[in-house]
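One structure below.
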Amino acid sequence: MTSLEKLAQDPRVTVRRGGTHDSDGRCVVYWMQRAQRATDNPALNLAIRAANCLQKPVVVFFRLAPRSIHANLRHYHFMAQGFRDLALDLNRKKIGFVLRRAPEGNVAAFSDEVRPCLVVGDENPMKESEDTKDVIASRLRVPFWTVDADVIVPSRLLSKEHYAARTLRPRIKAHLEQFLVPFTKTAPRVPWKDSIKSKPVGDAAQILDGFSLDRSVQPVFGFVGGPREAQKSLDRFLRDRLKGYAIQRNRPELDGTSQLSPYLHFGHIGPHRVALAVKNSQAPRADRDAFLEEFIVRRELAINFVRYNPRYDRVDCWEPWANRSLTQHAGDARKPRYTEKQLEWAETHDPLWNAAQKQMVLTGWMHGYLRMYWAKKILEWSPSPKAAYETAVWLNDRYELDGRDPNGYAGIAWAVVGKHDRAWGPERQVFGKIRYMSYESTSRKFDSKTYIDRIRKLER
DNA sequence: ATCGGCTCGCGCAA
DNA sequence: TGCGCGAAGCCGAT
């Protein structure tokens, strides 16, 4: 086995197209999709190691494609804000960076131009992304490997869909000693020579100027995209909010959570960086443990769900008990009932729900605790569980900066169809045995008045 | 303020 | 085959 072949033995690596590399090739291409960063990126590290084996340079290729139906200007703007950091960081490492927009060609066409020895990609468990990788694998003429770069424990090692956090937790923990460790630094030995012309990377507006995409949702100002901003956001969390996290994370009026989800979604920061920083911090044990439970066990449970359950974005991802119970209550009267538009415009009778909806629409981010309440009320007020699931997914994917992310689907599945949860009694209207959350007790658990007032101020 | 019951099924011990 | 226990709750009794 050559040292190049040994690289493919890493449990993070999936060989999408096998065979031997093109020894006449001129470089290694890293086709970047999800892990949009130059540090703590195992996919980039693998590309560098492969290139060093072959004595070739590395070039990163990224293509903007308006493919995903729910991605809009808000998402593209945040993403595009990250490209300048990325270009700078890659340039400093002597790695090429080629950014193209559809209808310019995809990575297969790019490969015809630069003739790589092999192509490396990163992973994303969403179906559209998997389908694209299959298409690319069939069109490339060189090996194509992908790397599971945005989880601590490579999802393949978990081998199947797990039933709940309690069944996944021991398996994750068993792997942490091996995988929750810093990456060894790797630098390319052969610098990329700018033989392929790529336009200089401008600001987000320039990158997106004239690009065909859904512009019906505006960018937000509270979150600025990119690895630099992601690191600042992590630093603020470690400094100001990790201490006390165990208690304050479920207090939406305090914003006690990390607020890193937009950055994690676009890979502007990697999970190893975050988890190791928290693990090694001086914060009390209980706070570190609470964060790492959310950040590793529950986040990777969501990823496990999306990776192994093809129905993750549909109501029929439900377990048999939930299907039975919701079907039995299909004929229950829904009172009140709101249309999708009423929900979108936050026109319900419930001030807490309206505030949560407005927080999402105006800031691109809703507090995690309220995401649960928000989705459960959509079930309560929609004509059917199917309609509720579709509405929640639609709103989430349209307005959250971290829309179209496993966390969103798993959260909605938990709230609406009891995914990863259990049956709860006593049975009630509409919900059946799905866990219920009431306005009265939810708004008493934290200072909901302060939260609602704060959101109201955003509207001005 | 705190407690138990509600209710299901996985995964492990036996 | 039996048993313990679980992603975020609710309600009523004490």
| query | Looking at residues at least two apart in the chain, or sitting in another chain, which of them share a side chain to side chain donor-acceptor pair (under 3.5 Å) with A:Trp381? | reply | none
| Sidechain N-carboxylate O distance under 4.0 Å for A:Asp122, A:Arg37 | no
| request: Tell me which residues in residues 286-308 of chain A put a heavy atom below 4.0 Å from DNA chain C, sorted by number, or none. | output: A:Arg298, A:Leu301
| said: Using the rule given for salt bridge (charged side-chain N to carboxylate O under 4.0 Å, His left out), can you reason through A:Arg371 versus A:Asp402, listing the C-alpha separation, both sets of side-chain angles and the distance that settles it, and then say yes or no? | reply: CA-CA 13 Å; A:Arg371 290 191 193 202; A:Asp402 64 338; 3.3 Å; yes
| said: Run the side chain to side chain donor-acceptor pair (under 3.5 Å) test against A:Lys433 and tell me which residues pass, sequence neighbours left out. | reply: none
| Charged tip of A:Lys127 within 45° of A:Tyr312 ring normal and under 6.0 Å | yes
| query | Which residues pass the side chain to side chain donor-acceptor pair (under 3.5 Å) test with A:Arg422, sequence neighbours left out? | reply | none
| Between residues 383-401 of chain A and DNA chain C, which residues have a heavy-atom gap below 4.0 Å? | none
| said: Among residues 159-174 of chain A, which ones have heavy-atom contacts with DNA chain B below 4.0 Å? | reply: A:Lys160, A:Tyr163, A:Arg166, A:Thr167, A:Arg171
| request: Report the residues that fulfil salt bridge (charged side-chain N to carboxylate O under 4.0 Å, His left out) with A:Glu293, sequence neighbours left out, ordered by chain and then residue number. | output: A:Arg169, A:Arg298
| Pairwise P distance, C:dC5 and B:dA14 [rounded to whole Å] | 14 Å
| message | If the threshold is 4.0 Å, N to carboxylate O, is there a salt bridge linking A:Lys232 and A:Glu229? | response | yes
| query | chain A on DNA chain B: first and last contacting nucleotide, 5' to 3', under 4.0 Å to a heavy atom? | reply | B:dC6 to B:dC12
| Is it true that the side chains of A:Tyr373 and A:Asp350 contain a donor and an acceptor less than 3.5 Å apart? | yes
| A:Arg324 near the nucleic acid: base, sugar-phosphate alone, or nothing, with a heavy-atom cut-off under 4.0 Å? | sugar-phosphate
| said: Work out how far the P atom of B:dG4 is from that of C:dG4, and round it to whole angstrom. | reply: 16 Å
| task | Flag the pair A:Tyr30 / A:Phe97 as yes when their ring centroid distance falls below 6.0 Å, and as no otherwise. | result | no
| query | Taking 4.0 angstrom as the limit, do A:Arg311 and A:Glu161 come out as a salt bridge? | reply | no
| Just how far, in rounded Å, is C1' of C:dC5 from CG of A:Asp421? | 13 Å
| request: Determine the minimum heavy-atom distance between A:Leu242 and A:Phe291, stating which atoms define it. | output: CD1-CB, 4.2 Å
| field | For A:Arg239, salt bridge (charged side-chain N to carboxylate O under 4.0 Å, His left out) partners two or more places apart | value | none
| said: Less than 4.5 Å apart, side chain to side chain, heavy atoms only: is that true for A:Ile269 and A:Val274? | reply: yes
| Pairing of A:Asp453 and A:Lys449 as salt bridge, 4.0 angstrom limit | yes
| field | Pairing residues for A:Asp203 by the side chain to side chain donor-acceptor pair (under 3.5 Å) criterion, not counting sequence neighbours | value | none
| Could you write nucleotides 9-14 of chain C as a row of B, S and -, 5' to 3', where a protein heavy atom under 4.0 Å of any base atom gives B, of only sugar-phosphate atoms gives S, and otherwise -? | BSS---
| Contact check, side chains of A:Glu347 and A:Asn354, non-hydrogen atoms, under 4.5 Å | no
| request: For B:dA1 and C:dA7, measure between their P atoms and round to the nearest Å. | output: 27 Å
| field | Gap in Å between the two P atoms, one belonging to C:dG6 and one to B:dC3, rounded | value | 16 Å
| A:Asp332 bridged to A:Arg428 by N-O distance under 4.0 Å | no
| field | Pairing annotation in dot-bracket form, given for DNA chain C with Watson-Crick or G-U pairs under 3.5 Å and | for cross-strand partners | value | ||||||..||||||
